[in-house]
Amino acid sequence: MIDLKDTYLNYFKERNHAIIKSAPLIPENDPTCLFNTAGMQQLVPYLMGQAHPLGKRLCDVQKCFRLTDIDEVGDSVHHTFFEMLGNWSLGDYFKEESIKYSFEFLTKYLNIPIERLAVTIFRGNDMVKKDEVSESVWKSLGISEDRIAYLGEDDNWWPNMTSIGPAGSDTEIFYFNSDDEIPQKFDPEDDRWVEIWNNVFMEYYHSEKGFKKLEQKNVDTGMGVERTTAILEGVHDNYMSSIWIDLIKLIEEKSGKNYDENKKDMRIVADHMRASIMIASENLVPSNTDQGYILRRMIRRMVRFARNIELDINEEFITDFTNIICSKYSKYYSELETNKNKIINTILDETVKFSRTLEKGLKEFNKICDILTKQGIDNINGKTVFRLYDTFGFPPELTQEEASNVGMSADIDGFDKYFKEHQEKSRQGSMEKFKGGLQDHSIENIKYHTATHLLHQALRDVLGNDVCQRGSNINTQRLRFDFSFPRKLTDEEKQKVEDIVNQKIQEGLVVKQEEMSLEDAQNSGAIGLFTDRYGDRVKVYSIGDYSKEICGGPHVENTNCLGKFKIIKEEAVSSGVRRIKATLSD
Ligand code: SER
């Protein structure tokens with residue numbers, strides 16, 4: 001059996017690409033983005049012209065997590081955690097070589113017959129003309145006109161027309177993954193054609209002022225490991241490939257149920273378990289904010305679907321599952337093996353907590369049922385379903401299930417109404433961050449990110465250098481910064497901090513980014529979290545001579561675009577930790 005990841009990395013290594021390490025799933029010190037969603041995320045500065053220490057040709061296998069697809073998980077191709085193979089040219093080769101590499105790799109190294117391949121190409125828009133170069137390269141390689149679809153900016157522009165950052169048109173490669181006869185004409189809407197590889201030609205930068213050409217022409221490609229593995233192994237369901245089959249077998253064995261009759265539940269359990277293990281391997285624990293909240297949601301959702309197949313998520317199951325994941329992935333992500341016990345304990349603790357929540361919820365549910373029955377009512381209204389959820393953490397799906405067990409019904413539409421009303425605001429904030437990646441780097445976010453650095457330094461100026469960042473969260477409306485300090489700030493101190501930040505904004509300080517070793521960064525006086533999560537080389541952002549901080553970015557180019565900074569709240573988070581919320585306005 002071909003080992004896809006090794007074959008891919010060797011292929012590009014032989015063609016002078018340096019193999020780089022996967023960035024962590026949880027981006028380092030980038031509060032605008034919860035998870036790493038694409039291989040190019042760690043390469044943004046280099047796509048924009050900075051020299052990469054390992055050269056102009058790079059490749060890797062990247063851990064990715066996308067919550068945007070969570071509702072699709074349960075079908076045969078979508079996952080929350082997945083791996084992406086990528087090769088990059090940073091101002092080196094461009095369209096022709098990139099397409100030829102992909103074609104050669106697929107047809108000669110993976111032995112995929114050309115009859116099963118089709119491509120999409122950018123058909124042009126007001127700004128950029130049709131990609132005739134890609135068209136002629138694909139045709140020269142034997143891809144016929146019938147197997148080419150010319151699509152617009154919604155399909156063949158990455159990441160999209162609105163995100164801030166490097167961008168460009170792309171050509172996507174599809175594989176006909178079905179036993180049916182292969183249609184002569186390629187229809188990208190026909191889901192028997194599965195996208196396996198995306199070659200993006202990043203020659204633009206999108207800023208608040210619009211698109212401008214970058215000084216260098218880059219290539220950024222991404223190939224889905226799960227999909228391509230399934231194709232190579234001739235299965236039409238990703239979960240039947242060697243990546244998943246042992247995990248599905250374990251679920252079958254422990255639940256005593258059959259995969260064919262319980263596909264959706266088993267796929268969700270397998271997907272969420274794998275994702276939770278990967279996230280927990282980066283030393284994260286469930287909590288009620290940011291990545292910790294997503295981990296909590298993943299584990300709890302997994303437990304709920306496990307209940308459907310009467311699978312007990314106990315220590316033995318978690319240990320067996322984690323052992324399989326470690327044996328498959330430790331070669332690429334050593335943190336799995338190092339943190340194995342911690343991972344098992346993290347998931348186990350959360351499942352125990354969730355069981356308690358469920359127990360309490362069930363007690364309350366029974367009380368409600370008694371009262372309603374006495375009144376002759378057999379429907380639990382939306383408000384009550386919402387209260388069970390909001391106060392007792394009891395999921396509405398469970399209320400519905402339990403209700404039907406006792407011959408009652410639950411008003412889920414009504415619940416949705418309350419849920420929307422009460423949660424809209426916080427949900428919007430969270431969803432923005434769930435999306436992750438560059439999509440979240442709105443101009444507002446980026447401004448708040450730079451303002452956070454100014455605030456951090458101003459706090460140290462006013463309160464002393466013991467002030468250290470303890471947390472940071474940004475949305476398009478405000479920044480929130482947690483820091484170590486033993487007492488409430490006085491009004492004068494708050495005013496001083498605010499004045500300094502506004503002063504620095506008005507000075508129009510230039511924001512500069514450099515890359516250096518962690519040691520050099522520390523010696524240069526850069527502040528930062530200095531956790532073991534940093535790699536050997538780190539990015540350091542300086543704001544004039546005022547602030548210097550280790551950070552993933554992105555930031556504005558000059559502080560003069562930040563507007564007016566205002567502290568709106570200062571409060572305690574826990575003993576020794578204070579929180580400031582602040583806004584920017586025009
Ligand atoms: N950035 C592109 C993607 O994520 C190609 O790697 O699809």
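The analysis underlying the following values was restricted to heavy atoms, covering all of them including side chains, and did not include hydrogens, waters or symmetry mates. Counting convention: from 1, in listed order, for ligands and their atoms alike.
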- Message: Could you tell me if Asp179 and His236 have a donor-acceptor pair between their side chains, going purely by distance under 3.5 Å?
- Response: yes
Heavy-atom nearest neighbour in the protein, as seen from [atom], with distance rounded to 0.1 Å:
atom                   : answer
atom 6 (O) of ligand 1 : Asp220 OD1, 2.9 Å
atom 4 (O) of ligand 1 : Trp158 CZ2, 3.2 Å
atom 7 (O) of ligand 1 : Asn198 ND2, 3.2 Å

- Query: Any donor and acceptor pair, going by atom type alone, linking the side chain of Arg116 with main-chain N or O of Tyr175 inside 3.5 Å?
  - Reply: no
So, [X] versus [Y], ring centres under 6.0 angstrom or not?
X      : Y      : value
Trp157 : Tyr204 : yes
His449 : Tyr541 : no
His79  : Tyr239 : yes

- List the steps and the verdict of ring pair (Phe, Tyr, Trp, His ring centres under 6.0 Å) for Tyr8 and Phe105. CA-CA 8 Å; Tyr8 179 91; Phe105 182 70; 5.5 Å; yes
With a cut-off of 4.0 Å, which atoms of ligand 1 are near a heavy atom of [X]?
X      : answer
Val200 : 2 (C), 5 (C)
Arg66  : 4 (O)
Ala38  : 4 (O)
Gly222 : 5 (C), 6 (O)

- ligand 1 versus Thr221, non-hydrogen atoms closer than 4.0 Å: side chain, backbone, both, neither? backbone
- Taking N or O atoms only and a 3.5 Å limit, does Met40 qualify as a polar contact for ligand 1? no
- Message: Let's go through Lys342 and Glu282 carefully: what are the C-alpha distance in whole Å and the side-chain angles of both, what is the deciding distance for salt bridge (charged side-chain N to carboxylate O under 4.0 Å, His left out) to 0.1 Å, and is it a yes or a no?
- Response: CA-CA 10 Å; Lys342 224 180 199 175; Glu282 294 189 8; over 6 Å; no
